[in-house]
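For reference, the structure is listed below as structure tokens.
Below, read A as the first sequence line, B as the second, and so on, with proteins coming before strands; counting in each chain starts at 1.
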Amino acid sequence: MEHVYVSDIAKYEGQEVILKGWLYNKRSSGKLHFLQLRDGTGIIQCVVFKGDVPEEIFNLADKITQESSIIIQGVVRADKRSPIGYEIGVKGLKVVQMAEDYPITPKEHGVAFLMEHRHLWLRSTRQHAILRIRSEIIKACRSYLDDNGFILIDAPIFTPAACEGTTTLFETDYFGEKAYLTQSGQLYMEAAAMAFGRVYCFGPTFRAEKSKTRRHLTEFWMVEPEMAYYDLNDDMDLAESLLEHIVKQVLKNKRRELETLERDISALEKIEKPFPRITYTEAIEILNKKGMTMTWGDDFGGDEETVLSKEFEKPVLVHRYPLQCKAFYMKADPQDPRLALCVDVLAPEGYGEIIGGGQREDDLKTLEQKIREHNLPMEAFKWYLDLRRYGSVPHAGFGLGIERTVAWICGLHHVRETIPFPRLMERITP
RNA sequence: UCCCCGGUAGCUCAGCAGGUAGAGCGGGUGGCUGUUAACCACUUGGUCGCUGGUUCGAGUCCGGCCCGGGGAGCCA
């Protein structure tokens with residue numbers, strides 16, 4: 001007999017099949033047991049009727065505990081009362097392992113308790129929906145770039161001597177030398193872009209920031225495209241197209257999961273090109289009109305990002321920040337050297353920054369001077385400066401934070417549910 | 001690092017005028033042929049975060065510490 005999955009059950013109507021999974025929940029009514037079987041692809045109700053099975057099977061069904069692993073043999077039948085349209089008339093039942101008292105009940109739990117039991121919490125319907133959407137978002141990022149001429153180039157996780165101070169880097173011992181966990185693959189992607197034209201990396205990045213907010217993890221995943229011969233406008237066009245593609249793929253392939261999360265789908269359906277583009281200077285004006293007191297040159301905090309992103313129904317691209325509050329590799333705007341050719345993309349509905357990027361400084365002399373101005377060790381950038389020595393070209397790129405994107409698309413309040421095993425300032429287990 | 005809130009049964013919480021601990025859920029037992037977080041009856045269940053103090057008496061008041069949550073700062 002065939003082992004089938006709940007997601008494919010419609011194809012087997014009227015047939016006898018085998019399902020392998022876990023007991024999600026159970027209800028009984030005298031001569032009936034209703035077993036909710038969960039197999040990772042979905043949940044289906046399996047009905048055990050006393051008259052249909054040997055007595056020992058019926059008694060066994062009565063004793064199964066929540067999350068026990070079970071194998072069920074039975075007939076697939078259509079039933080209007082089922083949320084998925086089908087249920088199983090049980091003929092056989094085998095318990096692979098009888099679970100001990102399961103800590104997570106179908107009732108409410110607090111955040112701390114659930115985080116403590118993250119390894120079990122992953123089994124719940126809501127977490128399934130979120131992590132399936134995460135999987136779809138990552139797939140969409142990769143397929144879009146793969147299908148548009150980009151090459152995947154993996155960046156290293158171990159990096160040598162810190163470039164910009166060590167306070168936000170995780171230090172490790174590397175055969176007696178200090179090494180650090182990467183904060184970004186960007187510098188390596190610039191090298192790769194000079195080799196392959198259009199490249200991207202996708203991997204974990206680490207920040208030892210003592211940030212306790214809904215937007216911060218110490219370990220998070222980024223997609224970082226980098227493109228030779230792209231200027232800031234090309235960069236913004238790519239960011240816009242990529243985000244539109246991601247949202248459309250999720251709407252197309254994960255609509256049921258969005259419904260499970262009770263996401264306002266109409267808000268996502270508005271995400272179509274073109275997105276609004278405003279300059280930093282215009283953003284400051286908007287914030288001041290909203291009653292915040294910003295002076296030109298201030299960087300945006302979480303509150304400012306929230307206010308700005310609530311102003312628009314689509315992601316908003318904020319470009320040309322003051323050069324002074326940006327990293328050394330940012331290229332200055334030739335039209336106004338106080339400005340950097342950079343862009344942040346703020347997700348709507350208050351979700352804030354999901355992309356940061358821009359055009360990189362491509363002139364050797366200027367870059368050397370910037371490194372000195374930022375008091376950075378020239379030696380550490382020897383290889384990076386080579387890129388401006390041997391065939392330097394204008395180039396640009398950005399980093400898209402996966403977890404913040406998942407939080408926005410799923411409509412979640414906190415990024416801790418957007419990654420299977422979140423790493424937070426105060427939590428490294430499970 | 002700073003500010004605010006919290007820690008009582010396995011879980012979610014109530015208990016505050018200081019007088020010796022309670023509900024719902026879960027677990028267990030029994031009942032019910034159609035349950036959808038099933039329901040009904042009975043039942044089980046506690047180092048009140050730790051520590052010191054005030055008091056005849058502390059879950060309750062005070063100090064210190066630990067842990068968690070929310071936020072800020074920080075945040076290529």
Polar side-chain atom of A:Ser28 near backbone of A:His33 as donor-acceptor pair, under 3.5 Å: no
Any donor-acceptor N/O pair, A:Arg214 side chain to A:Val415 backbone, under 3.5 Å: no
Among B:G68, B:U33, B:A76, the nucleotide that comes nearest once only the side chain of A:Ser29 is considered: B:U33
Nearest-angstrom distance from the residue atom CZ of A:Arg207 to C1' of B:A76: 6 Å
Whole-Å distance separating the CZ atom of A:Arg27 from the P atom of B:A37: 6 Å
Partner nucleotide, any strand, of B:G63 [Watson-Crick/G-U, under 3.5 Å]: B:U51
Enclosure of A:Arg256 CZ (heavy-atom neighbours >12, cutoff 6.0 Å): no
Closest to side chain of A:Ser28, choosing from B:C32, B:C74, B:G34: B:C32
Whole-Å distance separating the CD atom of A:Gln66 from the P atom of B:G27: 7 Å
Sugar-phosphate, base or nothing in reach of A:His374, heavy atoms under 4.0 Å: nothing
Touch class at under 4.0 angstrom, heavy-atom based, for A:Gln45 against every strand present: base
Between B:G19 and B:C62 - P atom distance, rounded Å: 15 Å
B:U55 to B:G18 separation - C1' atoms, rounded to the nearest Å: 9 Å
Whether A:Phe206 and A:Phe170 hold their rings parallel, tilted or perpendicular, with breakpoints at 30° and 60°: perpendicular
Pairing nucleotide - B:A72, Watson-Crick or G-U, each distance under 3.5 Å: B:U1
Aromatic ring pairing A:Tyr144/A:His245, orientation class (parallel under 30°, perpendicular over 60°, tilted between): tilted
Which residue lies more 5' along RNA chain B, comparing A:Met425 with A:Ser184 via nearest heavy atoms: A:Met425
Enclosure of A:Tyr384 OH (heavy-atom neighbours >12, cutoff 6.0 Å): yes
For B:U35, the Watson-Crick or wobble partner whose two distances fall under 3.5 Å: none
Touch class at under 4.0 angstrom, heavy-atom based, for A:His117 against every strand present: nothing
More than 12 heavy atoms from other groups under 6.0 Å of OH on A:Tyr229: no
Sugar-phosphate, base or nothing in reach of A:His216, heavy atoms under 4.0 Å: base
Of the listed nucleotides B:U35, B:G68, B:C11, the one nearest the side chain of A:Phe113: B:C11
Side-chain N or O of A:Arg416 closer than 4.0 Å to phosphate OP1/OP2 of B:G70: yes
Under-3.5 Å N/O pairs linking protein and nucleotides 46-48 of chain B:
none

Residue mapping more 5' on RNA chain B - nearest nucleotide basis, A:Leu32 or A:Tyr102: A:Tyr102
Separation of the P atoms in B:G45 and B:C39, to the nearest angstrom: 24 Å
Inter-nucleotide P distance (B:U33, B:U47), Å rounded: 41 Å
Integer angstrom distance from the C1' of B:A21 to that of B:G59: 8 Å
Value in whole Å for how far the C1' atom of B:C13 lies from NE2 of A:His109: 13 Å
Sugar-phosphate, base or nothing in reach of A:Gly356, heavy atoms under 4.0 Å: nothing
Sugar-phosphate, base or nothing in reach of A:Glu87, heavy atoms under 4.0 Å: base
Check: A:Glu353 and A:Arg215 side chains under 4.5 Å, non-hydrogen atoms: no
Separation of the C1' atoms in B:U12 and B:A37, to the nearest angstrom: 14 Å
Nucleotide opposite B:A41 in a Watson-Crick or G-U pair, distances under 3.5 Å: B:U29
Touch class at under 4.0 angstrom, heavy-atom based, for A:Asn25 against every strand present: sugar-phosphate
Below 4.0 Å: OP1/OP2 of B:G71 and any side-chain N or O of A:Arg214: yes
Distance, P atom - from B:C3 to B:U8, rounded to whole angstrom: 24 Å
Donor-acceptor contact below 3.5 Å, side chain A:Ser68 vs main chain A:Ala99: yes
Touch class at under 4.0 angstrom, heavy-atom based, for A:Arg77 against every strand present: base
Watson-Crick/G-U partner (both atom distances under 3.5 Å) of B:C11: B:G24
N/O (side chain, A:His413) to phosphate O (OP1/OP2, B:G71) under 4.0 Å: yes
Between P of B:C74 and CG of A:Asp299, the distance in whole Å: 9 Å
Per A:Asp303 side chain, nearest of listed nucleotides B:G34, B:A72, B:C32: B:A72
Pairs satisfying ring pair (Phe, Tyr, Trp, His ring centres under 6.0 Å), at least one member in residues 73-115 of chain A, at least two apart: A:His109-A:Phe113, A:Phe113-A:His117
Whole-Å P distance, B:G69 and B:G63: 25 Å
